[in-house]
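Here's the structure, in structure tokens; my notes come after.
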Amino acid sequence: MKTDLSPRMKVALYGLMCILLIPFVFPTWWMVTSSVKPISDIFAFPPDIIPRQFDFSTYSQVFELQPFARQYWNSAYIAALVTLGTMIVSSMAGYAFARIKFPFSNAIFMVVLLGLLIPSEVTIVPLFQMFLSWGMINTHWPLILVPVFGAPSVFATFVMRQFFISLPVELEEAARVDGLGRFKIFWTIALPLAKPALGAVAIFTFLHSWNLYLEPIVFLSSTQMFTLPQALTQFTDAYGGAMWNIQLAAATMTALPVLVVFIIAQKQFVEGLAHTGLKG
Amino acid sequence: MAPVTLRSVKKSFGQSDVIHGVDIDMTDGEFVVLVGPSGCGKSTLLRMIAGLEPITSGEIDMGGRIVNDLEPKDRDIAMVFQNYALYPHMSVATNMGFSLEHRGASKAEIAERVQWAAEILGLEPLLKRYPRQLSGGQRQRVAMGRAIVRNPQVFLFDEPLSNLDAKLRVDMRGEIKALHQRLKTTTVYVTHDQVEAMTMADKIVVMNAGRVEQIGDPLDVYDAPANRFVAGFIGSPAMNFIEGEATAEGFVADGVVLPLAATRSDLAGRTLVYGIRPEHLVLDPQGLPATVKLVEPMGSETQVSMTLAGTTVIGVFRERVRALPGEVIRLRPETVNIHIFDAASGRRL
């Protein structure tokens, strides 16, 4: 919607937006600047918005204190596999719920949706027992399998289903007349058109997996297997006190790829959610 | 090209019957238009011919083989949809060649067929564009190109012009007709627009509430409608209907005696409906009085809404009528063009 505002209103509006920006931008600014401050400067009062001195050695210490590169790789490949798996499962399930008529499909979809209502804290102990009996504790399998077949995938399935419902049926009928079977229609017609929704699913699945904290601390026990959110808690001194500047340097490196991905893909993300009718 | 025959074709959705046993014979190369009001079942019938909708009972015969249980791809048909149904992520050329690609045609053959169709439809400059970059008329032509490229036995059109503006609709009507005359492929065309039906069809099938009301040559259907529904549906403006009773003097309605052909003495004493098309009312100083309600000058003709024998009727006159609302003009129904319908059954007598 395009509105014509008077210059005074524009100034007021931008002023308000700048004020609203503070709670969103300040924590990130604080994280990045504190990561290069000596630890004594972090708690100085009044706080320094711009560091008085820059100490980049904190970034190298991150790699000295923890197998951080390995942990980075762990997080990256787990998030990539979870994202890929969720895209496959949710697009196929979403398409089936949207387009294929089978008995009790709506009731089954409701049951699937109920999975969203169960907090992960409730299922974590039974899941631990299950993966223990499968010999998968201190492996990355639980961190891959639970999101792909659990609540995050249910949400993604919902998003994909809403998108496929909005796709004109005539496109698929034209494809049937053109000689395509069900799977080819899905693969060559429906899926390429679902790129915006798939993009949105990919971004929020990746973010969810990248930020996952509870499951790693339950299922993983060795530092070599840790993911980044879990690794961030490990930067402590001999007395268990947090090494704030090093921890914030690690946090900055952890947040960086997510920020980059989100800035590049934010248009896709918003469009994807708009296509699914989930726009606020 | 193939003849298409429907035999006692029925369709039910649950307990609700939507097509009540339809029989239609379409000869090889014929352009058949299914026409009727919204919800009459014409699109459902077309979808059943296409194989997109299973039939409940009956038989669909295409070129001598029963296709009831065949998938759309195995029926050798091509369909043009109301909203074009072009694949948005493919270029015009890819859209047109898509079906050939999935039937294992070689790249050279696909390119040749696409080029052939593009030449016929004037699409050559658009082949690399995407559907979103085309106007409504161009999309329509691409949809037709996609249909003809495979050289199917039967073309199916589902209200293909209803999304176009009035002028483009007239142009495309001509193009589709010209295309049919060139390719001579059996065509089934669905529309609710009776002008489209009249101008394009070799054979019209008028449908109402899941039943075929009349099948015939467009002018035969116009000149001799089988019943009141067909008479009212085919023709624009619609036929005028006046309820009354046939007597020895003529047709009496609201105390006015309307002329009947001398040969219709068999109707005397019956309650009937008198039908006369607007262009078959002629101005005549010796004619019946009609009170003018509205005069609409069209330029080439004048359309007048008026009250005749207690009923509102419309007349279309070549003359320029300059009457004001409330004035009385005199007119005469042409007796050779009068249609008489049974008041109860609606059947033409």
Over 12 foreign heavy atoms within 6.0 Å of [atom1], [X]:
X	atom1	result
A:M225	CE	yes
A:F102	CZ	yes
B:K177	NZ	yes
B:F13	CZ	yes

Which bit of [X] is near chain A, if near means a heavy-atom gap under 4.5 Å: side chain, backbone, both or neither?
X	result
B:L156	neither
B:R75	neither
B:A147	neither
B:E101	neither
B:F81	side chain

Tell me, which pairs form a ring pair (Phe, Tyr, Trp, His ring centres under 6.0 Å) where one or both residues lie in residues 100-152 of chain B, sequence neighbours left out?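 For residues 100-152 of chain B, and leaving out neighbouring residues, the ring pair (Phe, Tyr, Trp, His ring centres under 6.0 Å) pairs sorted by first residue read B:F98-B:H102.
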In this structure, OG1 of A:T188 is separated from NE2 of B:H89 (nearest 0.5 Å) by 6.5 Å
Output the option from B:P152, B:S99, B:A143 having the highest count of non-hydrogen pairs under 4.5 Å with chain A. B:S99
Can you tell which of B:D74, B:N83, B:I77 has the highest number of heavy-atom pairs within less than 4.5 Å of chain A? B:N83
Positions in residues 171-184 of chain A that reach chain B, provided some heavy atom is under 4.5 Å away: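 Residues in range: A:L171, A:E173, A:A174, A:A175, A:R176, A:V177, A:D178, A:G179, A:L180, A:K184.
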